[in-house]
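Residue numbers start from 1 in every chain, and the chains themselves are labelled A, B, ... in the order their sequence lines are given, proteins ahead of strands. For clarity, every value in this text was computed on a predicted model and none was experimentally measured.
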2 protein chains.
Amino acid sequence: MRESTGTRERIKAVALELFTEQGYEKTSLREIAERLNVTKAALYYHFKSKDEIVSSFVEDRLDRMDALIAWADEQPSTLATRRELIARYADSMFATEQPSVMRFFEQNQTALKSLAAGQQMRDRMFRLADALARGDESPAAQLRAALSLFAVHSSWFAIRAPRVTDEERRKIALDVADELLARIADG
Amino acid sequence: MRESTGTRERIKAVALELFTEQGYEKTSLREIAERLNVTKAALYYHFKSKDEIVSSFVEDRLDRMDALIAWADEQPSTLATRRELIARYADSMFATEQPSVMRFFEQNQTALKSLAAGQQMRDRMFRLADALARGDESPAAQLRAALSLFAVHSSWFAIRAPRVTDEERRKIALDVADELLARIADG
DNA sequence: GTCTATACGTCGATAGAC
DNA sequence: GTCTATCGACGTATAGAC
């Protein structure tokens, strides 16, 4: 079943890049195929449809999110747990090739709404926010929890100062996230 | 030059609604025309192209942003200024029909990157963030400024608690934004 | 496992009649 | 100011040869 040349992986890589750069809708299969010097039909051998390409690189991420949520559910609703949770989330974001998948999601919110994979990710983000705010059902807590997640994400583009390393971005994001989480009441 | 029936305004309204609901790329001119019981060609009488429809309802908003930035530039770099600035921003967001335009922007980040109107809005958002962080050039200040803006925006969807009024959302958003802004050093 | 060839729909946009 | 008719390009997807 596994072909030797890794065409499937190459398709995933190119698709991720183009979907992120120009958007899911604006990227045609013809364009992906041309970059790889194969035909559109070749793509259809590896993936049933265009959205199945998306699902393929979203699955890993969904699994990570599920693991994170499951872990959080077993912990007490304390500030320490919230801090540990956001740190683990940041790690899973900054690790390996995940940043590119993360950027893809940020860039394709709209397109993802009509895709199964997108709805699942949306769902997981809300559940993660709920886990971060657990024990404090106030609207303000919901907003702070969501913003702490967004602190991790936006550290990639909101920080425009020159010569800031990934590690520094991560630290700054977590510092700001911690401030927000500190204002959520323990359950 | 002005037609009596206000067709142009009706086109804008329907386009804004559909672009927001399903995304700019996924909404065709045919769809917009059908809703209005006219043909595509009629749309081209009122607008030179699809993206010109977008520009038409973005212009107001750009003007508001420019006014806000100009005002901020004349003020001292103090916490009081930052708080006043974010409050004015929130007001301009929650006022009149602006929430729908705002939602359109949130839903079409990707598509807007290749549209002139989108690039202009992006530029204004960064300038507003810079105005909020003026006097503190640290990366953390940039992140806090961006997050305070996002607090205003995300209050619309991040707060999922039932029976929260718009006015309450506005207040919560500004409370959280103020916390973030308080950590930015005065210039 | 990858190709050629093609079906068939829809897109944004234009020309020209009324 | 709105219409009909049409353009050329491109979209996803499939059939079937090699």
Side-chain angles (χ1 to χ4, degrees), chain A residues 1-58 104 107-108 110-118, chain B residues 1-58 104 107-108 110-118:
Chain A
M1 310 301 161
R2 275 278 69 76
E3 82 282 18
S4 45
T5 43
T7 307
R8 196 185 148 96
E9 291 308 311
R10 290 172 63 230
I11 294 172
K12 283 175 66 168
V14 169
L16 180 56
E17 186 187 331
L18 292 180
F19 287 167
T20 304
E21 264 174 31
Q22 1 178 300
Y24 175 78
E25 322 261 15
K26 280 192 81 169
T27 304
S28 67
L29 295 181
R30 182 188 52 75
E31 208 173 348
I32 297 172
E34 270 173 13
R35 273 257 199 141
L36 292 165
N37 281 112
V38 296
T39 61
K40 279 189 293 175
L43 303 186
Y44 278 94
Y45 171 80
H46 293 283
F47 298 94
K48 280 209 315 283
S49 68
K50 193 183 179 185
D51 25 298
E52 218 204 35
I53 302 179
V54 173
S55 315
S56 78
F57 51 66
V58 161
F104 164 78
Q107 293 298 317
N108 288 282
T110 319
L112 283 166
K113 278 175 72 171
S114 45
L115 263 41
Chain B
M1 310 302 160
R2 275 276 71 75
E3 82 284 14
S4 45
T5 43
T7 309
R8 196 185 148 97
E9 291 309 310
R10 289 172 63 228
I11 295 172
K12 282 175 67 169
V14 170
L16 180 56
E17 185 186 333
L18 292 180
F19 288 166
T20 303
E21 262 174 33
Q22 357 176 307
Y24 175 78
E25 321 263 14
K26 280 192 82 171
T27 304
S28 67
L29 296 180
R30 181 188 51 75
E31 206 175 350
I32 296 172
E34 270 173 12
R35 275 256 200 142
L36 293 165
N37 281 113
V38 295
T39 62
K40 275 193 296 173
L43 304 186
Y44 278 93
Y45 173 79
H46 295 281
F47 298 95
K48 281 209 314 285
S49 68
K50 192 182 180 185
D51 29 295
E52 217 204 37
I53 303 179
V54 173
S55 316
S56 78
F57 51 68
V58 161
F104 164 78
Q107 293 298 318
N108 289 282
T110 318
L112 283 166
K113 278 175 69 170
S114 46
L115 263 41

* With sequence neighbours excluded, residues passing side chain to side chain donor-acceptor pair (under 3.5 Å) with B/Glu25 -> none

* Measure the distance from NZ on B/Lys26 to C1' on C/dG12 and round it to the nearest whole Å. => 18 Å

* Mind checking what makes side chain to side chain donor-acceptor pair (under 3.5 Å) contact with B/Thr20, not counting sequence neighbours? -> none

* Can you check the B/Leu43 CG to D/dC3 C1' distance for me, whole Å? -> 13 Å

* **Listed partners of B/Glu21 passing salt bridge (charged side-chain N to carboxylate O under 4.0 Å, His left out), at least two apart** => none

* To do: Can you tell me the distance, in whole Å, between the CD atom of B/Gln22 and the C1' atom of C/dT10?
  => 15 Å

* Under 4.0 Å protein heavy-atom contact, by nucleotide of nucleotides 12-18 of chain D - B base, S sugar-phosphate only -> BBBB---

* **Contact list for residues 33-47 of chain A, test salt bridge (charged side-chain N to carboxylate O under 4.0 Å, His left out), sequence neighbours left out** => A/Glu17-A/Arg35, A/Arg30-A/Glu34

* Asked: Counting only side-chain N and O atoms of B/Thr39, is one of them less than 4.0 Å from OP1 or OP2 of D/dT2?
  -> no

* Any side-chain N or O of A/Tyr45 under 4.0 Å from OP1/OP2 of C/dT2? -> no

* **Presence of B/Thr7 side-chain N/O under 4.0 Å of D/dG1 phosphate oxygens OP1/OP2** => no

* Asked: Quick one: side chain to side chain donor-acceptor pair (under 3.5 Å) partners of B/Ser49, sequence neighbours excluded?
  -> none

* Asked: Any cation-pi pair here, A/Lys50 with A/Tyr24, using under 6.0 Å and within 45°?
  -> yes

